[in-house]
Amino acid sequence: MASSTTATTGPPIQVLVVDNDPAHAEAMADSLSRVGYQCVVAGSGPEGVEQLERGGFEIVVSDLKMPGVGGLELLEKSKELLPDAQVVLVTGHGTVESAVEAMRQGAFNYLLKPLDLKQLRAVVDNAARSQHLRRANTELARRLDEKFGFESIIGNSQPVRELIDRLRRIAPTDATVLIQGETGTGKELVAQAIHQNSPRKNRPFVGLNCAALSENILESELFGHIRGAFTDAAHDRVGKFEYADGGTLFLDEVGDMPLPTQIKLLRVLESGEITRVGSNEPVRVNVRILSATNRDLETAIAAGAFREDLYHRLKVISVRLPRLVERREDIPLLIDYFVRMHATRHKKQVKSVSAAARRRLLAYEWPGNVRQLKNAIESMVVVDYDGVLDLDDLPPDLAPKQEADGSPMDSGASMAELVGKSMSDLEALFIGETLKVTAGNREEAAKMLGIGERTLYRKIKEYGLN
Ligand SMILES: Nc1ncnc2c1ncn2[C@@H]1O[C@H](COP(=O)(O)OP(=O)(O)OP(=O)(O)O)[C@@H](O)[C@H]1O
Ligand SMILES: [Mg+2]
């Protein structure tokens, strides 16, 4: 933390100065204004209350003894109206006890009369420092919200807009949600976003991967165990359910949970109580369950590998995430997002992504969905040396065979077949193909074609491409 108020950024701190002695009030306000505070003076207790009601103050400096409304009442009012504001009281010799009482009621500090202006500034500077810290914390919390809020789900396609719309309605409830989707489609991201946009957001979000663990370990992870429950249990251990109390438990890869554990989980969901392994004492827990799987649970049920009753419990609400190729028009947004992310992370300058590389990224099938795209971009950013992400930066599994040797089309018509067509036919064909690759996104298509958007519109009309 910087040691001086001037070293910290943000708007200046507003100070309310309350004193029924006008000369004294002015002296204090003047002294504080000179070092960068924005002061408002109130000449009486009631006037001070009026100013508090108007709001905006982060620090209040008030005389303790005033006719009508005194410093203690003002402190109380301030705690009520502006709970984040710090209050400093100024007191004469006879009233030190009241000042001590004020501290007990949450005043930041007190100063003795006759007032030493240097001391006033020192105390106000301290209060300001604590306010800057609070501002920074609020900012941090806001940024975390942003990170895990719906803003973190990048995409503007119809499926993503519908998804976010649904999440907005689901998140604030306590409903159990089953998130389904292929690998890398963002199931965990969505689970975090649901939690972060729920009233439980200040309580823990606890994830557990059900696929990676054996039955015994999984159960002890979920429900905890008591000392001596099994050979290695040297101590009592709290399970994820208890750990997540008041918050959200995310059961990842729930489709891979062993059948006996499924039965126990179902019992917990029905009773709202867990029992630690080795214990007989049930413990009540208040946990919201989110689960995810990339398996087709209906098939697993048919095969006897997943319990139907548990399936219905988990899937009170179900969310299905689209494959990346079902929302190709989001690929350009995701490319830019990941380029920025990884350029920052790896401290690299990336000026642009070449049209040819974009074309390839847009046309690819993405079996690993967003995760694969994210990793591909990361690898491109890392191997790039000239600031332009191009075909030569593509990871091997994406490297196109034909484009690399300079042929303008990577599939479909060969050059020989095109000979004999007119330039305008070729242009129409080319624009049509590009629009297919960008899933109809004209802005992106214009960028790839190296022409203005207006020109593209004109040509689309001219060639009747729609
Ligand atoms: N719409 C999106 N916007 C931004 N990032 C995304 C999006 N979808 C996924 N990601 C990112 O892609 C990566 C994979 O996402 P996530 O781990 O949530 O996938 P998953 O569905 O849980 O995959 P798996 O089934 O393999 O566990 C993460 O880094 C995530 O942040
Ligand atoms: Mg996952």
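As the structure lists them, so they are numbered: ligands from 1, and atoms in each ligand from 1. Heavy atoms only: backbone and side chains are in, while hydrogens, waters and symmetry mates are out.
- Among protein heavy atoms, atom 22 (O) of ligand 1 sits closest to Glu188 N, 3.3 Å.
- Judged by the shortest distance from any of its heavy atoms, Arg295 lies outside the 4.0 Å radius around the atoms of ligand 1.
- Of the listed options Leu189, Leu373, Asp330, Asn369, Leu189 places a heavy atom closest to atom 31 (O) of ligand 1.
- Considering only non-hydrogen protein atoms, atom 14 (C) of ligand 1 sits nearest to Arg371 CB, 3.7 Å.
- Under 4.0 Å from ligand 1, not a single heavy atom of Met341 appears.
- Here the side chain of Asn197 pairs a donor or acceptor atom with the backbone of Ala193 at under 3.5 angstrom.
- No side-chain heavy atom of Thr176 sits less than 4.5 Å from a side-chain heavy atom of Ile317.
- Classified by interplanar angle (parallel below 30°, tilted 30° to 60°, perpendicular above 60°), the ring pair His225/Phe230 is perpendicular.
- Residue, atom and distance of the protein heavy atom nearest to atom 10 (N) of ligand 1 are Val370 CG1, 3.4 Å.
- In terms of polar-atom proximity, Tyr337 is not counted as a contact of ligand 1, lacking any N or O under 3.5 Å from an N or O of the ligand.
- Side chain of Lys459 to backbone of Ile431: no donor-acceptor contact under 3.5 angstrom is found.
- Counting only heavy atoms from C-beta outward, the side chains of Lys264 and Ile274 never approach each other to under 4.5 Å.
- Applying the salt bridge (charged side-chain N to carboxylate O under 4.0 Å, His left out) test to pairs two or more places apart or on separate chains, those with a residue in residues 230-258 are Glu221-Arg237, Glu221-Lys240, Glu242-Arg276, Asp256-Arg295.
- The protein atom (non-hydrogen) at minimum distance from atom 1 (N) of ligand 1 is Ile154 O, 3.2 Å.
- Taking a 6.0 Å sphere around CD of Gln349, one finds it holds 12 or fewer heavy atoms contributed by other residues, nucleotides or ligands.
- Using a 4.0 Å cut-off to heavy atoms of Arg327, the atoms of ligand 1 that qualify are 1 (N).
- Numbered from 1 in the order shown, with element, the atoms of ligand 1 that lie under 4.0 Å from a heavy atom of Asn294 read 25 (O).
- With hydrogens left out, the protein atom closest to atom 19 (O) of ligand 1 is Gly186 N, 3.2 Å, a heavy atom.
- Nearest non-hydrogen protein atom to atom 25 (O) of ligand 1 is Lys187 NZ, 2.6 Å.
- Remark: side-chain polar atoms of Thr434 are paired, donor with acceptor, to backbone N or O of Phe430 under 3.5 angstrom.
- Within ligand 1, the atoms closer than 4.0 Å to a non-hydrogen atom of Phe338 are 5 (N), numbered from 1 in the order shown.
- Ser220 places none of its side-chain heavy atoms less than 4.5 Å from the side chain of Ile217.
- Remark: distances from the non-hydrogen atoms of Gly184 to ligand 1 include one below 4.0 Å.
- For atom 26 (O) of ligand 1, the nearest protein heavy atom (residue, atom name, distance) is Thr183 OG1, 2.6 Å.
- Around the CD atom of Glu270, the shell of radius 6.0 Å holds more than 12 heavy atoms that belong to other residues, nucleotides or ligands.
- Of all protein heavy atoms, the one lying nearest to atom 4 (C) of ligand 1 is Ser152 O, 3.4 Å.
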